[in-house]
Amino acid sequence: MFALADCNNFYVSCERVFNPMLCGRPVVVLSNNDGCVIARSEESKALGIAMGTPLFRCRDVIGRHGVAVFSSNYPLYGDMSSRVMNTLGAMAPEQERYSIDEAFFDLSGFRRFGLREHAALMRRTVLKHTGIPVSIGIAHTKTLAKLAAKAAKKDPSCGGVLMLEGADRVRRALASTHLEDVWGIGRQWSLKLALQGIQTAADFAGMPPALVRRLLGVTGAKVQAELQGHRCLPLELVRPMKQTICTSRSFGRNVFSVEELQEAVASFASRAASKLRREGSTASLLTVFISTSPFAASALRREASRTVSLPRAADDAMTLVTAASRVLEAIYQGGHPYRKAGVLLGAIAPKNPPGESFLLFGDEGEGRAEALQQVMEQVNLRYGNGSIRLAAEDSRAWEPLCRHISPRYTTSWEEILRVPSAPQAPPAPAHR
DNA sequence: TCTGGGGTCCTAGGACCC
DNA sequence: TCTGGGGTCCTAGGACCC
């Protein structure tokens with residue numbers, strides 16, 4: 001049997017652990033740049049604040065009901081995530097970390113303890129050790145386990161754990177699940193299937209497989225088979241190597257000049273380099289993209305991108321920053337209010353593959369660049385990220401907004417001492 | 001005024017190979 | 001009149017996930 005453990009309203013729960021005054025109050029967490037609502041407490045959901053709502057569209061509700069608003073605090077959420085994952089992993093070692101707030105487990109070995117009982121113990125332990133509430137679904141396939149976890153969240157009577165075993169129990173769960181709540185079925189496919197009269201997970205599971213294959217391809221066919229209890233998605237115990245690594249941001253304001261874009265792109269390339277090095281990989285393809293807001297007047301709108309292949313696979317900031325800077329120069333065009341840029345690395349390969357390759361036409365700089373990069377990493381490790389960086393990255397005038405950020409309670413000695421003030425609703429727009 | 005970031009997989013079509 | 005069969009690789013676009 002597979003289990004899925006899913007943290008409830010994860011980002012909101014992280015904020016509440018360190019600021020219990022938030023419990024019982026409506027809370028939302030915003031996307032980068034304070035743009036959209038990406039996490040909501042139950043109280044906020046009850047107020048009708050939908051996932052992904054732009055902040056400016058729900059300011060009224062937020063003001064009227066005293067909703068607490070937070071910018072996202074990824075150092076905090078990432079650290080809390082590893083605490084939750086480590087706690088769970090200690091109690092069920094066959095673990096696949098699926099996302100920042102979810103993990104799958106193979107619980108087959110725990111039959112004699114009672115699967116439901118063991119899951120309930122996992123849940124209690126995580127709550128006690130980290131303060132984060134989780135819901136756990138148990139079933140024969142991953143897709144059914146996801147469905148069970150969702151149902152466990154909705155129904156308070158099951159105490160956060162729901163096991164789907166037995167054809168009848170599964171059938172009832174499928175019948176009471178809307179199609180768009182099934183893992184793997186998004187908006188577009190729901191609409192497509194609604195035209196065929198398909199409303200619930202049970203309807204979908206009962207469709208002729210050939211029709212599903214024709215409408216949704218093999219991906220949809222797998223979802224259907226999983227709902228019928230056939231395992232198509234195995235537990236992935238080791239995370240496969242990333243195929244692309246991307247660092248991109250929306251800017252806190254319009255950026256017009258190539259100089260400011262250069263600084264942003266240099267920072268992204270440098271960030272991407274450190275992600276790459278953490279993976280122990282190198283990249284041979286580099287893409288730079290810049291764009292205005294997609295909501296800008298069409299005369300001002302512009303999207304541009306270009307990919308280059310690097311003369312040799314690289315993982316150091318200086319090579320990637322230099323390459324990115326050249327690409328940006330080539331695609332930049334003045335007169336547009338740019339709001340976003342990014343660097344995407346591709347053709348990723350392990351750094352020291354068996355039978356290591358070398359450059360035919362020498363490269364004496366190589367060893368020095370590597371040594372310099374390592375020293376920079378050590379300095380940043382000891383004195384804090386950003387203590388030393390390439391001059392090209394400086395100024396940061398483009399930095400995204402985060403007006404409602406909470407302290408990094410678990411990863412910063414300075415910030416842990418900051419007393420959380422009762423968070424306020426964001427300042428009302430000037431005209432109100 | 002104000003709208004995230006980082007991924008994966010599949011499919012179709014085109015260019016190419018013998 | 002009539003024009004093969006079996007592949008690979010790449011790219012762009014579209015769907016999905018959190």
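So you know, we letter chains A, B, ... as the sequences are listed, proteins then strands, and number each from 1. Predicted model, so just to flag it, every value in this text is computed and none were measured.
- A straight line from NZ of A:Lys340 to P of B:dG4 spans 7 Å, rounded to a whole angstrom.
- Remark: DNA chain B takes part in the stems B:5-18 with C:5-18, each of 3 or more antiparallel Watson-Crick or G-U pairs, criterion distances under 3.5 Å.
- Side-chain proximity of A:Tyr74 to the nucleotides B:dG5, B:dG4, B:dT3 is greatest for B:dG4.
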(request) For the pair A:Leu286 and A:Thr307, evaluate side-chain contact (heavy atoms from CB on, under 4.5 Å) and give the outcome as yes or no after the intermediate values. (result) CA-CA 5 Å; A:Leu286 179 145; A:Thr307 303; over 6 Å; no
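- The distance between atom CZ of A:Arg214 and atom P of B:dC10, rounded to the nearest whole Å, is 20 Å.
- Counted within 6.0 Å of CZ on A:Arg187, heavy atoms from surrounding residues, nucleotides or ligands total 12 or fewer; the atom is thus considered open.
- Rounded to an integer number of Å, the gap from CZ of A:Arg97 to C1' of B:dT8 is 20 Å.
- Taking the C1' atoms as reference points, B:dG4 lies 15 Å from C:dC17, given to the whole Å.
- At the heavy-atom level, A:Arg57 lies under 4.0 Å from base atoms of the strands shown.
- Between the side chains of A:Asn9 and A:Ser41, no donor-acceptor pair is found at a separation under 3.5 Å.
- Where A:Arg339 and A:Lys275 meet DNA chain B, the nucleotide closest to each residue was compared, and A:Arg339 sits on the side nearer the 5' end.
- Among the protein residues, A:Asn32 comes within range of the sugar-phosphate backbone only, with heavy atoms under 4.0 Å from sugar or phosphate atoms but none that close to a base.
- Stacking between A:Phe295 and B:dT3 is present: the aromatic ring centre lies within less than 5.5 angstrom of the base six-membered ring centre, and the two planes differ by under 30 degrees.
- Results of the salt bridge (Lys or Arg N to Asp or Glu O under 4.0 Å) test with A:Asp181 over A:Lys146, A:Lys153, A:Lys154 single out A:Lys154 as the only residue that passes.
- Atom CG in A:Asp101 sits roughly 9 Å away from atom P in C:dC18 (whole-Å rounding).
- Taken residue by residue, residues 232-257 of chain A places heavy atoms nearer than 4.0 Å to DNA chain B at A:Lys242, A:Gln243, A:Thr244, A:Ile245, A:Cys246, A:Thr247, A:Ser248, A:Arg249, A:Ser250.
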Check: protein-nucleotides 11-13 of chain B nitrogen or oxygen pairs below 3.5 Å:
residue	atom	partner	partner atom	Å
B:dT11	OP1	A:Val218	N	3.4

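- Out of B:dT3, B:dG4, C:dC18, the shortest distance to the side chain of A:Ile38 is found at B:dG4.
- Taking the six-membered ring where the residue is Trp, the centroids of A:Phe104 and A:Tyr98 are separated by under 6.0 Å.
- The nearest whole Å value for the distance from the NZ atom in A:Lys142 to the P atom in B:dC9 is 12 Å.
- Aromatic ring centres of A:Phe204 and A:Trp189: separated by at least 6.0 Å.
- Between A:Phe256 and A:Trp398, the distance from one ring center to the other does not fall under 6.0 angstrom.
- Taking only side-chain nitrogens and oxygens, A:Lys222 never comes nearer than 4.0 Å to OP1 or OP2 of B:dC9.
- If you check every strand for non-hydrogen atoms under 4.0 Å, A:Asp34 touches nothing.
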